[in-house]
Structure formats: C-alpha cells, structure tokens
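Everything on this sheet refers to the single structure shown next.
Lettering of chains follows the sequences in order, A, B, ..., and the numbering in each one begins at 1. Side chains are part of it too, since the values below use all heavy atoms of this structure and drop only hydrogens, waters and symmetry mates.
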Amino acid sequence: MSLATLQNDFQSLVLDPECRSADWVADSKHGLGSKQRLAIYHNAYRIRLTEVLRDTFEHTASYIGDEWFERLAGSYVQANTSEHSNIGLYGQAFPEHLAQVLKHDQEVAELAHLDWTLRRAFDGSNADVITREALEKLAAEGVSIEKFSPVPTLKLCLHHFNTLDIWHAINQEEVPPQVVALDEPMHVMTWRKGYSPHFRSVSAVEYAAINYLCEGCDLEAIGEALSLGFPGADIVNEFGLMIARWLDDEILTA
Amino acid sequence: MTFSFGLGLRTQHYHDFLEKSQPVDWLEVISDNYMVDGGKPLVMLDKIRADYPMVMHGVSMSIGAIKGVDPEYLRKLKKLEQRIQPMWLSDHLCWTGVHGRNLHDLLPLPFSEEALQVVTRNVNQVQEYLQRPLVLENVSSYVEFQESEMTEWEFLTEVCQRTGCQLLLDINNIYVSSFNHGFDASEFINGVPVGSVKQFHLAGHQNNGDHIIDTHDHPVCKDVWTLYKEALQRFGFIPTMIERDDNIPELEELLAELGQARTIADEVFSQKVAV
Ligand SMILES: [Fe+2]
C-alpha cells in the first residue's frame with residue numbers, strides 16, 4: 001500500500017462518523033486491538049475540535065449549556081473539516097451552522113457571531129491608532145487630517161435580539177435575561193482597544209458614518225453624505241461628537 | 001558541562017515571567033500560537049523574549065505530507081522565526097492531514113522507505129527555506145503499520161543521516177509508544193545516534209491499564225524519570241524541558257518538577273547544577 005493511500009484511508013477513517021477497523025494496521029499481541037487503537041484517533045479528533053469550539057464560543061456555550069453545546073458542536077465537527085493550520089480558526093462557520101440548525105433560537109447564532117468577532121479582534125492586525133492628544137498636537141502645529149481609516153479589527157454587524165445584554169450577563173456570571181426580539185435591528189460595532197476586544201451599539205447615523213469610513217471616504221465626503229442621508233439631523237454637531245468618541249474608542253488610524 | 005533547563009511558555013504563566021526573573025534558562029513557545037496578525041499574543045511574546053532565550057516548537061508543519069509542506073505555513077513560520085530568533089526550531093515527525101485538511105493531530109508515519117523519501121525531501125526543502133537545521137520530535141503513537149519496514153529509532157536515524165536534521169527526543173513519547181506497542185524503550189534510546197539529539201521533552205500521560213494516552217496533563221511519572229536518566233547517560237547532557245498542556249498548575253509546581261530533572265542530571269554527571 002502506498003503512503004498516499006494509507007494517509008488517505010487513515011484520514012477518511014478519522015473523519016467518518018463511525019470508527020471502523022483497517023487492514024493496514026499491524027496486528028498487536030499487546031494491549032488494545034486495532035479497532036480500539038484507531039478509535040483513539042477517531043475520538044481525539046472530535047474531542048479536540050469540540051474543545052476549540054467551546055473555547056472560542058465561551059459565552060454561547062454558557063448560554064445554551066454544556067449538553068446542548070456538545071451536541072451542536074458534534075454536528076458541526078461532523079459536517080465541517082478544518083482547512084486551517086491555526087486550529088483557532090476552525091469555528092469560522094459555526095455561527096452560520098447554529099443559524100441553520102436553530103431556526104427558532106436565532107439569538108444563539110447572534111451570540112456565537114459576537115463571540116467569534118471578539119475572538120478575531122483579539123489577535124487581529126495591529127495599527128497605529130490616532131489618539132485625541134496626538135490629534136490636538138497636530139492641530140497646534142497647524143496640520144489638519146482630512147481622512148482617517150478604521151483600525152483593521154473594526155467590524156459592524158446587525159443584531160435582531162438583546163444579544164448584547166445576554167453576553168454581558170454571561171460575562172458577569174449572572175443569569176442572562178430572557179431573549180427579546182428588538183423592534184428595530186440594532187447596529188453593533190466590534191474592535192480591539194489596547195489588548196482587549198470591545199463592542200458597543202451604534203446609531204443608524206454612526207453606522208452609516210463608519211461604513212463610509214470603511215469605504216475610504218474623507219471627512220468632508222462623509223459629512224456631506226450624512227447630511228444628504230439624514231436630512232432631519234444636526235449632522236455638523238453629531239459628526240463632531242462621533243469623531244471625538246472614535247478617538248476615545250481608539251478606532252481611528254491615519 | 002553546562003546544563004540548561006527550560007519550560008514551555010503557557011499563557012497562564014505570562015504574568016510570572018513578566019513579574020520577575022524565573023529560574024529557567026530558556027522557554028519553548030508553540031510557534032502556531034504566535035502565527036497571528038497582532039494583538040496581545042505577540043506583545044507578550046516580545047516582552048518575554050526580551051528576558052529569555054527561546055526555542056520554537058510547531059505542531060502543524062506536517063513534515064510527512066506527500067504533497068510537501070504548505071509554502072504559506074512556511075512563510076509565516078519564517079516571519080516568526082525572524083522575530084523570535086530562536087536557538088533552534090522544531091516540529092514533529094508526523095503528518096497532520098491530506099487534501100488541504102488538517103486533523104490537528106500528530107499522526108504517525110509508517111517506518112518505510114517511501115515515507116523516508118517523503119520526509120527527506122520535505123526536510124531538505126524546509127531547511128533550505130529556513131536556512132537552518134530542523135529539529136524533529138518523535139511522537140506518541142497508538143497504531144503500528146503493516147507497511148513499516150524498520151523500527152522507529154532506525155527511521156529517526158535514517159532521517160537524521162539523510163538530511164542533517166536533529167532530534168527532539170521526547171522521553172515520555174518513547175515510553176508511551178513502547179508501552180502501547182510492547183517494545184523496549186531502552187532499545188529505542190540506544191538505537192538513536194549520539195550527537196543527533198538537540199533537546200529532550202519530559203511530560204506526563206494518562207495510563208489506562210492496557211494503553212497509555214499522551215495527555216500532557218500529569219506530572220512526569222517514575223518510569224519516565226528512569227528513562228530520562230538512561231538518556232542522559234547515553235547522550236550526555238541535552239537541554240531539557242517539561243511540557244504541560246492541560247491541567248496546567250502554578251509555575252512553582254512546574255519549576256519544582258524541573259528541579260527533579262536537575263537533580264537527576266546532577267546525579268548522572270556528579271556535579272552541582274547552577275540554578
Ligand atoms: Fe513533546
């Protein structure tokens with residue numbers, strides 16, 4: 001048997017739902033039989049990937065409980081192989097898996113998505129953040145910055161449930177509130193500040209502004225676009241407050 | 001003779017290493033944990049690296065892969081290698097998956113001429129790319145293959161001779177595999193050429209009576225200490241560390257365990273080990 005065939009068969013055996021025996025395993029006069037030996041690899045694969053999911057989706061696991069989480073992780077592991085050398089990326093499609101499987105409990109997928117984006121922000125790319133002090137110093141020197149970019153870890157998403165409250169409660173080891181469907185979907189921003197992943201809700205105006213920022217618009221263009229998009233709002237004032245808050249949040253780079 | 005003892009750096013102990021100088025000569029980092037874009041892991045790595053020499057230890061190179069080692073993986077590894085400037089860099093003599101899939105396990109190879117040729121080609125490519133010798137670790141295994149034509153130690157010896165790579169001899173893995181497959185662990189040790197070993201790993205395991213699982217969640221057992229002594233007698237002093245990956249205790253406890261390794265080395269070479 002060629003090495004290619006052996007590795008191919010070994011891999012299929014590990015990935016198949018049920019462990020089987022294989023004729024390429026040498027008979028052993030010692031200890032376990034060959035099927036039990038292969039079962040060690042078969043089990044270890046599932047245990048390892050389930051552990052990674054539990055670690056990545058910590059709040060989700062707490063929210064739905066160990067038993068349920070284990071079952072959902074098990075079905076994900078059976079349906080999804082890993083194509084990453086970094087095992088931490090294995091859960092990428094888990095929120096989507098939960099959305100498909102738990103049609104009547106969509107807040108679980110939303111919570112899982114939040115766990116995922118926060119985890120990715122944790123070790124996402126670094127950037128030179130512009131602080132309020134740095135900007136004031138530049139202004140004093142007569143330098144004005146016309147365009148900012150968002151930090152690379154910044155992500156926007158839309159929540160349909162009180163998922164942020166659920167996350168907070170779990171994070172404080174408190175009993176999470178009852179799930180509530182929101183009247184209006186809520187815009188949520190996630191990013192890393194210092195070493196720590198952060199998130200907060202954003203208004204519709206701020207959501208639009210950050211989107212323009214992500215698209216590469218300069219400040220003047222964003223201001224104009226917001227005035228057009230939100231004719232009733234005091235954009236000049238609101239946009240100024242927004243930029244001040246972005247500086248404090250450390251989401252701006254030059 | 002200079003002795004040097006290390007520990008595997010784990011996130012649980014970042015604070016201990018940052019807070020004050022700890023009695024270890026070097027730290028081993030899991031390369032894959034730092035092959036990330038940014039954030040805290042790399043900041044901690046740089047801070048701790050400033051105070052300790054490091055060695056890099058990877059788990060995803062898949063040196064036994066028929067298709068060859070993934071160039072993207074190697075590119076990231078080299079980038080990290082340039083950042084850390086480790087004393088040496090190791091991975092495992094195993095494969096981790098085929099057809100672009102990763103089973104995230106250290107799967108054993110058959111000890112055959114064909115596997116030797118694949119490993120030789122891959123090690124040569126990696127060494128050429130990294131411009132440094134690779135260090136390969138023997139893995140714990142639970143199956144043996146019909147296709148094997150030689151013993152594991154003969155296979156390791158051949159890999160070293162054909163590529164010039166060196167070995168990270170995991171004493172616990174030798175013990176685990178010898179228990180699971182019924183071979184003599186001393187024969188393994190005596191079959192590995194003196195001069196080919198760069199590092200020793202010591203670790204704990206879970207003994208289930210009729211088989212042992214390599215869990216790295218227990219202290220090093222008595223039989224493994226005995227084997228460590230044998231290995232020191234054969235190879236001379238080799239930089240040694242304790243690997244703990246699960247059920248990770250306080251740093252103090254691991255340092256105490258490392259102290260046992262110092263005591264054994266001290267006995268073997270009859271000289272005081274400077275702490
Ligand atoms: Fe090891």
Please report the closest heavy-atom contact between [X] and [Y], naming both atoms and the distance.
| X | Y | value |
| --- | --- | --- |
| A:Asn86 | B:His104 | C-CE1, 4.3 Å |
| B:Trp95 | A:Gln11 | CH2-N, 4.2 Å |
| B:Arg101 | A:Leu15 | NH1-CD1, 3.9 Å |
| A:Ser85 | B:Ser60 | O-OG, 3.3 Å |
| A:Tyr41 | B:Ser140 | OH-O, 4.4 Å |
| B:Asp105 | A:Ala44 | OD2-CB, 4.5 Å |

With respect to chain A, which residue among [options] yields the maximal number of heavy-atom pairs within a distance under 4.5 Å?
| options | value |
| --- | --- |
| B:Lys67, B:His181, B:Met35 | B:His181 |
| B:Leu103, B:Asp32, B:Val43, B:Ile213 | B:Leu103 |
| B:Ser141, B:Gly209, B:Ser112, B:Pro108 | B:Pro108 |
| B:Asp70, B:Asn208, B:Asp210, B:Asn102 | B:Asn102 |
| B:Asn33, B:Val36, B:Val98 | B:Val98 |

Q. Hey, are the side chains of A:Ser34 and B:Val143 touching, using non-hydrogen atoms and a 4.5 Å cut-off?
A.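 They are not in contact (no side-chain heavy atoms under 4.5 Å apart), so the answer is no.
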Q. Is there a side-chain contact between A:Ile40 and B:His211, using heavy atoms and a 4.5 Å cut-off?
A.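 The answer is yes, as the side chains (C-beta and beyond) meet within the 4.5 Å cut-off.
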Side chain, backbone, both or neither: which part of [X] has an atom under 4.5 Å from a heavy atom of chain A?
| X | result |
| --- | --- |
| B:Met44 | side chain |
| B:Tyr73 | side chain |
| B:Val118 | side chain |

Would you indicate whether [X], at its atom [atom1], is surrounded by more than 12 heavy atoms from other residues, nucleotides or ligands within a distance under 6.0 Å?
| X | atom1 | result |
| --- | --- | --- |
| B:His92 | NE2 | yes |
| B:Gln82 | CD | yes |
| A:Glu67 | CD | no |
| A:Asp128 | CG | no |
| B:Glu19 | CD | yes |

Chain B contact via [X] - side chain, backbone, both or neither, heavy atoms under 4.5 Å:
| X | answer |
| --- | --- |
| A:Ser125 | both |
| A:Leu38 | both |
| A:Ile87 | both |
| A:Val25 | both |
| A:Ser2 | both |

**Q.** Among A:Arg37, A:Gln7, A:Gln36, residue most engaged with chain B (heavy-atom pairs, under 4.5 Å)
**A.**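 Most heavy-atom pairs within the cutoff with chain B belong to A:Gln7.
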Q.
Let's test your reading of the structure: which of A:Ala22, A:Pro197, A:Gly194, A:Gly124 forms the most heavy-atom pairs below 4.5 Å with chain B?
A.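 The candidate making the most pairs under 4.5 Å is A:Gly124.
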Q) Under 3.5 Å, side chain of A:Asn126 to main-chain N/O of B:Gly39, donor-acceptor pair present? A)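 Present.
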Q | side-chain contact (heavy atoms from CB on, under 4.5 Å), paired with A:Leu6, selected from B:Glu114, B:Glu147, B:Gln146 | A |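 Of the listed residues B:Glu114, B:Glu147, B:Gln146, the side-chain contact (heavy atoms from CB on, under 4.5 Å) partner of A:Leu6 is B:Glu147.
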